[in-house]
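Comments concern the structure below.
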Amino acid sequence: MAETGAIPVVVLSRQQDPVEIINSTLRNAGHPVHCTWVRDLSSLGDALAQASPQLIFVCSSDSDETAAALDARQRFATQVPTLLVRDALTEEDLSEALTRGAQDVVTLNARPRLQSVVNRELHSARLDRALAGTLASARQYRDQMKAFMTGSADAIAHAQEGIVVDVNPAWVELFGHAEPSAFLGQPLMDFFQQRSHAALKGALVATAQGRWSSHSLQAVAVMPAGTELPVEIEFESFEFDGEPAVRMRVPTQKRDVDTLTRQLEEALQFDSTTGLLKRAVFLEQATAQAGHALKAGLRALVYLEPDNFSGLEADAGPLAAEGVVEALGQQLRAQLQPGDLAARISSRGFALLVERGNTRDLDAWVARLLQRVSEHDHGSAERSRSITCSAGATLLNAHGEQLAAALDSSVKAQRQAAAAGGNRLRRPEPSSGKPEMEAADQAWATRIRSALMANRFRLVHQPIASLVGDGQPMFDLVVRMLDEGGEEVLPSEFLAAAQRTDLLKNIDRWVVGAAMSFCSASGDARVFVRLSRDSMRDRTLGAWLAQQVKATGVNPKRVVFELHEEMAAANPKEVRALEALVKPLGFQVALENFGAGADPEAVLGQVEASYVKIDGALMQGLATDRALQEQVKTLVQAAKARNVTTIAERVEDANTMAVLWQLGVEYVQGYFVGNPEEVVIQGTR
């Protein structure tokens with residue numbers, strides 16, 4: 001994208017030498033700049049308003065002056081990229097640039113890097129202006145364009161037993177071939193990336209059996225030239241030449257003016273090189289999201305950087321290093337889950353706001369992301385180059401909090417992870433001394449007892465969906481506490497304190513009693529209820545359960561008690577004692593987080609479980625990870641060998657569900673199956 005005429009640049013500097021160096025360096029890089037020298041901070045606002053710069057340099061080592069200059073930029077030239085010029089480049093300088101809103105920090109001694117950074121920022125700014133201009137034109141000529149905008153046909157193909165038997169011209173064109181003969185008689189999988197195969201096979205099998213609903217599948221097609229094309233595919237059962245087949249459809253969005261305008265508006269929010277959100281957009285959206293209370297799970301701010309980036313830059317040069325960072329951003333975008341926010345917020349660092357089921361899910365997702373990065377070749381055709389990254393992750397308050405402190409914490413944690421050897425995640429735990437924890441626990445104990453006395457607990461549920469047929473309705477039950485103002489308190493906030501203050505057994509009994517009341521009012525539903533170790537050790541539990549069965553008239557087979565796999569592995573005698581209490585009454589037992597421990601098959605041999613819930617952490621990246629798929633397949637086979645029903649926890653997308661289908665899992669639960677933990681009943685004392 002060529003730039004005509006001189007590029008206006010504003011340089012704030014007390015001395016003239018930096019202005020001359022910047023001017024000559026940028027001209028040598030092919031940028032015909034016109035530098036406006038601003039000697040005094042008080043004149044910066046007027047200069048920004050009059051010069052309409054495309055780039056701003058702030059040459060100052062004084063923190064207060066830098067802050068004031070960036071504040072002036074925010075008021076007079078909000079969208080103009082700004083670079084801080086320092087005598088030397090340090091981690092502190094980079095952190096300051098990140099937090100204060102500058103795009104990067106440069107030195108006048110490292111001129112190749114200065115040129116590379118300027119190239120990047122000017123290129124990004126030009127794309128912004130071009131997109132904004134196109135958007136304005138689209139709005140201006142809305143009526144004229146409507147007459148010319150027409151929709152194109154959907155791309156459609158038919159497959160029988162995995163073989164392509166028919167395609168329409170739109171499919172041929174979309175996949176980059178000249179003739180339909182390139183597809184006919186060929187395995188469908190030949191046209192897709194290896195990591196898409198498991199999900200595609202699962203969706204094909206499920207559709208052929210009439211068990212695939214209107215879910216769209218994300219896949220990556222391989223074009224004739226070797227390039228890749230992300231597509232969203234819809235599946236439906238079909239009959240071709242009198243034989244069962246599967247119809248695959250890639251919808252082509254109608255290119256009317258309203259759609260084009262919306263797409264252009266969205267394009268203004270994303271960085272053209274990585275596909276991630278722009279930093280300002282990310283900070284705005286992430287700040288808003290972080291301020292909202294969570295309904296379930298956890299929220300975390302993750303910061304990620306390549307390890308030893310200075311060495312990479314010295315070895316490969318600034319331009320190649322910049323290419324590696326851009327490729328890293330593109331790879332990161334491919335690993336995001338629905339609802340994740342991500343952006344490149346420094347010259348080499350990325351920030352992500354993610355929500356996951358628990359800390360194990362978060363750690364597993366980040367660990368697999370780092371592994372993918374280390375396995376990927378980030379080099380060029382001339383030279384192979386591998387990198388590793390380190391990440392810091394900070395958990396946010398469930399009731400909402402400011403983003404700045406969490407971002408600072410995550411950046412520091414990433415620095416510590418890199419200093420410890422790199423290629424790892426550091427997630428700092430809240431630090432509190434024993435006296436502070438004891439005081440907090442006692443405060444929670446008072447609140448919990450008050451909530452129990454005032455009946456301020458309630459039961460919520462999440463549906464468990466069958467992959468093999470309609471079957472009996474099943475729900476996973478979770479407890480919520482209401483505070484004095486009627487606001488929900490998540491289990492993650494009070495259960496740990498309840499355990500340390502010996503109140504878990506009381507909560508368990510409330511939950512079990514409410515679960516039986518729910519069963520009495522909900523037809524033939526089966527419910528899953530978690531039991532703590534305190535209840536597992538409670539020898540009076542059997543007599544109490546017998547009384548509850550008699551009082552409610554509920555069939556005990558409709559209640560399944562869940563035990564954590566690692567808890568069962570560590571306490572085999574107590575598990576057997578619990579089974580001796582509940583099984584004669586007709587209750588069933590399930591193992592949750594199956595696959596989380598060192599030897600899940602051994603635990604399965606020790607517990608007479610009717611169900612296993614496969615650990616949700618194993619769902620993080622399952623759709624594209626062959627090794628993970630093999631791990632889950634082994635767990636499924638072990639369960640089936642003992643006639644134990646399998647349920648997958650925390651399934652969040654159609655691709656994962658399709659893979660689970662292919663692996664033989666019988667039930668799934670998670671946000672993809674139903675709205676998270678809808679309220680079903682309020683318990684009675």
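Here the structure is a predicted model, which is why all the values come from computation and not from measurement.
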Q335-R372 side chain donor-acceptor pair, cut-off 3.5 Å: yes
Test item: side-chain donor near acceptor, Q289 and E355, under 3.5 Å: yes
Heavy-atom check, side chain of T646 versus side chain of F594, under 4.5 Å: no
Any side-chain heavy-atom pair of M516 and V549 under 4.5 Å: yes
Chi angles and distances behind the side-chain contact (heavy atoms from CB on, under 4.5 Å) call for W510, L459: CA-CA 9 Å; W510 187 96; L459 205 58; 4.3 Å; yes
Check: D441/T501 side-chain N/O donor and acceptor closer than 3.5 Å: no
Spacing of S610 atom OG and K557 atom NZ [to the nearest 0.5 Å]: 10.0 Å
Modelled atom types, side-chain donor and acceptor of S466 and R211, under 3.5 Å: no
Pair R530 + D508: basic N to acidic O under 4.0 Å: no
Atom CD of E284 with >12 non-hydrogen neighbours under 6.0 angstrom: no
Closest contact, heavy atoms only, T394 versus A406: OG1-O, 3.5 Å
Polar side-chain atom of Q337 near backbone of E652 as donor-acceptor pair, under 3.5 Å: no
Side-chain touch V302/L369, heavy atoms, less than 4.5 angstrom: no
Spatial distance of atom CZ (R537) from atom CG (L531) [nearest 0.5 Å]: 14.0 Å
Q160 and E243: side chain donor to acceptor below 3.5 Å: no
Value rounded to 0.5 Å, distance of CD in Q588 from CZ in F561: 11.0 Å
Steps toward side-chain contact (heavy atoms from CB on, under 4.5 Å) verdict (V220, R195): CA-CA 8 Å; V220 179; R195 285 180 172 171; over 6 Å; no
Flag side-chain contact, heavy atom, 4.5 Å: E234 against D154: no
Verdict with supporting geometry, D615 and R650, side-chain contact (heavy atoms from CB on, under 4.5 Å): CA-CA 8 Å; D615 187 24; R650 298 191 290 282; 3.8 Å; yes
Any donor-acceptor N/O pair, N555 side chain to R558 backbone, under 3.5 Å: no
Exam field: side chain H564 to backbone N593, donor-acceptor pair closer than 3.5 Å: no
Rounded distance (nearest 0.5 Å) linking atom CG of L545 with atom CZ of F587: 4.5 Å
W212 to L217 - nearest heavy-atom pair and separation: CH2-CD1, 4.2 Å
Donor-acceptor contact below 3.5 Å, side chain D599 vs main chain A602: yes
Ring geometry between F518 and H461 (parallel below 30°, tilted from 30 to 60°, perpendicular above 60°): tilted
Neighbour count above 12 (heavy atom, 6.0 Å) for N643 CG: no
Flag side-chain contact, heavy atom, 4.5 Å: M474 against Q669: no
R456 side-chain N/O to L482 backbone N/O, donor-acceptor pair under 3.5 Å: yes
Test salt bridge (charged side-chain N to carboxylate O under 4.0 Å, His left out) applied to K613 and E562, E565, E666, E649, the passing residue: E562
Any side-chain heavy-atom pair of T359 and R427 under 4.5 Å: yes
Minimum side-chain heavy-atom gap L294-L396 below 4.5 Å: no
Step-by-step side-chain contact (heavy atoms from CB on, under 4.5 Å) determination, I507 to F494: CA-CA 11 Å; I507 297 174; F494 66 85; 4.0 Å; yes
Atom CZ of R333 with >12 non-hydrogen neighbours under 6.0 angstrom: no
Heavy-atom closest contact (M248 atom, A159 atom, distance): CE-CB, 3.7 Å
Ring centre gap for Y611 and Y667 strictly below 6.0 Å: no
Rounded distance [0.5 Å steps], CD in Q218 versus OG1 in T624: 12.5 Å
Least distance between heavy atoms, A497 atom then W444 atom: CB-CB, 3.6 Å
E161, CD atom: more than 12 neighbouring heavy atoms under 6.0 Å: no
Nearest heavy atoms of L581 and G542, plus distance in Å: CD1-N, 4.1 Å
Sub-4.5 Å side-chain heavy-atom contact between S492 and L298: no
Approximate separation, where rounding is to 0.5 Å, of Q662 CD and K633 NZ: 8.5 Å
Lys/Arg-Asp/Glu bridge criterion (N-O < 4.0 Å) met for R356, D363: no
Least distance between heavy atoms, V607 atom then A568 atom: CG2-CB, 4.2 Å
